[in-house]
Asks: 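After the structure tokens below, expect a handful of questions from me.
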Amino acid sequence: TATICNTDNVNIQITSPTVPNTPGNLTFDVAVSSTNPGATGGTAFANLPAQNFPLTISGTLTNSSNSVVTVTFEVTPKLNGCANGTPVVTTVQVEPSSVALVNNTIATVCNGGNTNIQITSLTTPTIPGNLTFDVAVSSTNMGVTGGTAFANLPGQTFPLTIGGTLTNSSNSAITVTYTITPKVAGCADGAPVVTTVQVEPTPQATINNTTAVVCNGGNINAEITSLTAPTVPGNLTFDVAVSSTNAPVTGGTAFTNLLAQSFPLTIGGTLTNSSNGTVTVTYTVTPKLNGCANGAPVITTVIVEPTPVA
């Protein structure tokens with residue numbers, strides 16, 4: 001039994017040592033069948049009646065299924081006016097084209113998050129160990145991408161789940177692309193299958209405080225911005241926690257916590273101090289990205305002078 005790849009050519013040479021009185025009376029028929037006729041095709045998949053010796057069948061055989069098909073060629077020699085000779089049978093196994101299936105259950109991950117890419121195949125070649133696949137991994141920003149899931153994987157065996165981490169050290173979301181190419185040894189590669197994972201940046205906040213010291217009742221000017229650009233801008237927010245070294249004597253419109261704020265924001269209200277000494281007001285800004293761990297808090301302070309008393 002010969003084995004060929006899907007769409008390859010067969011090479012079946014049909015000859016006869018028979019020498020009748022009239023050479024033209026010697027012919028043969030070829031009957032062609034398959035273990036899966038509906039999936040079998042090609043120029044060699046056709047019956048050939050009343051052929052003359054010698055003949056080489058060299059057309060193609062195709063297999064549109066996921067499993068090997070066996071094509072049988074039955075050659076029956078004939079001599080006009082006499083009983084048919086004994087049929088001769090040969091078979092050709094036709095490999096399926098290799099196919100990969102990908103189920104990516106986590107299309108977007110946080111910085112440092114795990115992927116879950118399940119790679120399977122329904123392909124069943126003649127030798128299961130001949131079926132493998134390669135994974136090529138790329139990124140829209142290679143220099144900032146890392147993690148255990150950011151690595152090419154050659155010569156892998158089905159099934160496989162890619163469940164490692166992906167990291168992003170930039171301020172913007174990046175897209176990591178996985179190209180899975182199925183292979184059957186000795187045959188052309190199957191069609192590549194592509195899936196992507198977006199990796200969020202870690203949220204960051206920046207504060208520009210131009211009023212490090214204010215008078216009692218004075219206005220502050222703390223500008224809060226961020227360079228972070230996630231996949232969904234509306235998912236990026238921040239909280240402001242405000243505290244004082246002497247909370248009972250501290251007030252003003254700028255002395256209040258702020259939750260779930262959107263970038264950018266300027267805190268420009270007043271701070272008051274009813275004591276005789278200075279108070280220090282601390283602003284702790286925590287950037288947040290929905291579904292991910294908080295970014296590093298950023299802190300700035302404003303010293304509030306007391307009102308002078310004689």
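Worth knowing before you read on, the calculation uses all heavy atoms, side chains too, and leaves out hydrogens, waters and symmetry mates.
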Asks: Strictly by modelled atom types, are Asn168 and Ser170 linked by a side-chain donor-acceptor pair under 3.5 Å?
Replies: yes
Asks: Can you tell if the side chain of Val302 reaches within under 4.5 Å of the side chain of Val213, non-hydrogen atoms only?
Replies: no
Asks: Hey, is the main chain of Thr43 close enough, under 3.5 Å, to the side chain of Thr60 for a donor-acceptor pair?
Replies: yes
Asks: Can you confirm whether the side chains of Thr231 and Glu200 place a donor and an acceptor under 3.5 Å from each other?
Replies: yes
Asks: Provide the closest heavy-atom pair for Pro125 versus Leu131 in the form atom of the first, atom of the second, distance.
Replies: CG-CB, 3.9 Å
Asks: What's the verdict on side-chain hydrogen bond (donor to acceptor under 3.5 Å, both in side chains) for Asn116 and Thr105, showing C-alpha distance, side-chain angles and the deciding distance?
Replies: CA-CA 6 Å; Asn116 186 46; Thr105 64; 2.6 Å; yes
Asks: Indicate, with yes or no, if Phe45 and Ile14 share a hydrophobic cluster defined by side-chain heavy-atom contacts under 4.5 Å among Ile, Leu, Val, Met, Phe, Trp and Tyr.
Replies: yes
Asks: Taking all non-hydrogen atoms of both residues, which atom of Gly190 and which atom of Thr181 are closest, and how far apart?
Replies: O-CG2, 4.0 Å
Asks: Would you say that Asn290 contacts Val232 through its side chain, given a criterion of any heavy-atom pair below 4.5 Å between the two side chains?
Replies: no
Asks: If you look at every heavy atom in Val184 and Ser98, which pair is closest and at what distance?
Replies: CG2-CB, 3.8 Å
Asks: If every non-hydrogen atom of Asn114 is compared with every non-hydrogen atom of Val109, which pair is closest and at what distance?
Replies: O-CG1, 3.5 Å
Asks: Could you walk me through whether Thr145 and Thr140 satisfy the side chain to side chain contact (heavy atoms under 4.5 Å, CB included) test, starting with their C-alpha distance in whole Å, then the side-chain angles of each, then the deciding distance to 0.1 Å, before giving a yes or no?
Replies: CA-CA 9 Å; Thr145 310; Thr140 50; over 6 Å; no
Asks: Does a side chain donor of either Thr123 or Ser121 reach within less than 3.5 Å of an acceptor in the other side chain?
Replies: yes
Asks: Taking the side chain from Thr165 and the backbone from Gly112, do they hold a donor-acceptor pair closer than 3.5 Å?
Replies: no
Asks: What distance do Thr22 atom OG1 and Leu79 atom CG have between them, rounded to the nearest 0.5 Å?
Replies: 8.5 Å
Asks: In terms of hydrophobic clustering (I, L, V, M, F, W, Y; side-chain heavy atoms under 4.5 Å; direct or indirect links), are Val194 and Ile106 co-clustered?
Replies: no
Asks: By side chain to side chain contact (heavy atoms under 4.5 Å, CB included), which residues pair with Leu48, not counting sequence neighbours?
Replies: Val30, Gln51, Leu55, Ile57
Asks: Among side-chain atoms of Gln261 and Thr237, is any donor-acceptor pair under 3.5 angstrom?
Replies: no
Asks: Does any part of the side chain of Val197, heavy atoms only, come nearer than 4.5 Å to the side chain of Asn104, both counted from C-beta?
Replies: yes
Asks: Output yes when a side-chain donor or acceptor of Thr56 lies under 3.5 Å from a complementary backbone atom of Ser58, and no otherwise.
Replies: no
Asks: Looking just at side-chain N and O atoms, do Asn216 and Thr307 make a donor-acceptor pair shorter than 3.5 Å?
Replies: yes
Asks: Does some side-chain heavy atom of Ile220 sit less than 4.5 Å from a side-chain heavy atom of Tyr283?
Replies: yes
Asks: Rounded to the nearest 0.5 Å, what separation is found between the OG1 atom of Thr282 and the CD1 atom of Ile303?
Replies: 10.0 Å
Asks: In this structure, would Val88 and Val10 fall into the same cluster of hydrophobic residues linked by side-chain contacts under 4.5 Å?
Replies: no
Asks: Let me see the working for Asn219 and Thr253 under side chain to side chain contact (heavy atoms under 4.5 Å, CB included), right down to the final yes or no.
Replies: CA-CA 9 Å; Asn219 288 84; Thr253 57; 5.6 Å; no
Asks: Within the structure provided, determine whether Val176 and Thr196 are in side-chain contact (heavy-atom separation under 4.5 Å).
Replies: no
Asks: State, to 0.1 Å, how close Asn6 and Pro96 come at their nearest heavy-atom pair, and which atoms those are.
Replies: CB-C, 4.5 Å
Asks: Between Ser244 (side chain) and Asn246 (backbone), is there a donor-acceptor pair under 3.5 Å?
Replies: yes
Asks: Going through the checks in order, is the side chain to side chain contact (heavy atoms under 4.5 Å, CB included) test met by Thr272 and Thr250?
Replies: CA-CA 6 Å; Thr272 61; Thr250 309; 5.9 Å; no
Asks: Spell out, as yes or no, whether a donor-acceptor pair under 3.5 Å connects the side chain of Thr90 to the backbone of Phe73.
Replies: no
Asks: Side chain of Thr115, backbone of Ile117: donor and acceptor closer than 3.5 Å?
Replies: no
Asks: Which residue pairs pass the disulfide bond (SG atoms under 2.5 Å apart) test with at least one member in residues 262-310, sequence neighbours excluded?
Replies: Cys110-Cys292
Asks: Return the set of residues passing salt bridge (Lys or Arg N to Asp or Glu O under 4.0 Å) with Asp239 (not counting sequence neighbours), or none when no residue passes.
Replies: Lys288
Asks: Between Thr124 and Val68, is there a side-chain heavy-atom distance shorter than 4.5 Å?
Replies: no
Asks: Kindly say whether Gly277 contributes a backbone atom to a donor-acceptor pair with the side chain of Ser275 at under 3.5 angstrom?
Replies: yes
Asks: Would you mind telling me which of Val298, Thr225, Ile267 makes a side-chain contact (heavy atoms from CB on, under 4.5 Å) with Ile207?
Replies: Val298
Asks: Looking only at heavy atoms, what is the nearest atom pair of Thr179 and Pro192, with distance?
Replies: CG2-CB, 3.8 Å
Asks: Indicate yes or no: at least one non-hydrogen side-chain atom of Val32 is less than 4.5 angstrom from one of Val71.
Replies: yes
Asks: Atom OG1 of Thr202 and atom CD of Gln204: how far apart are they, to the nearest 0.5 Å?
Replies: 7.0 Å
Asks: Does a donor on one side chain and an acceptor on the other come within less than 3.5 Å for Ser226 and Thr228?
Replies: yes
Asks: With a 4.5 Å limit on heavy-atom distance, are the side chains of Pro287 and Phe263 in contact?
Replies: yes
Asks: Roughly how far, to the nearest 0.5 Å, is OG of Ser169 from CG of Asn111?
Replies: 8.0 Å
Asks: If you round to the nearest 0.5 Å, how far is CD1 of Ile127 from OG1 of Thr3?
Replies: 7.5 Å
Asks: Just how far is it from atom CZ of Phe238 to atom CG of Leu259, taken to the nearest 0.5 Å?
Replies: 10.5 Å
Asks: Are any side-chain N or O atoms of Asn209 and backbone N or O atoms of Thr300, one a donor and one an acceptor, separated by less than 3.5 Å?
Replies: no
Asks: Regarding Thr211 and Asn221, is there a side-chain donor-to-acceptor distance under 3.5 Å anywhere?
Replies: no
Asks: Start with the C-alpha gap between Leu61 and Asp8, add the side-chain angles, then the distance that decides, and say whether side chain to side chain contact (heavy atoms under 4.5 Å, CB included) holds.
Replies: CA-CA 6 Å; Leu61 286 176; Asp8 274 3; over 6 Å; no
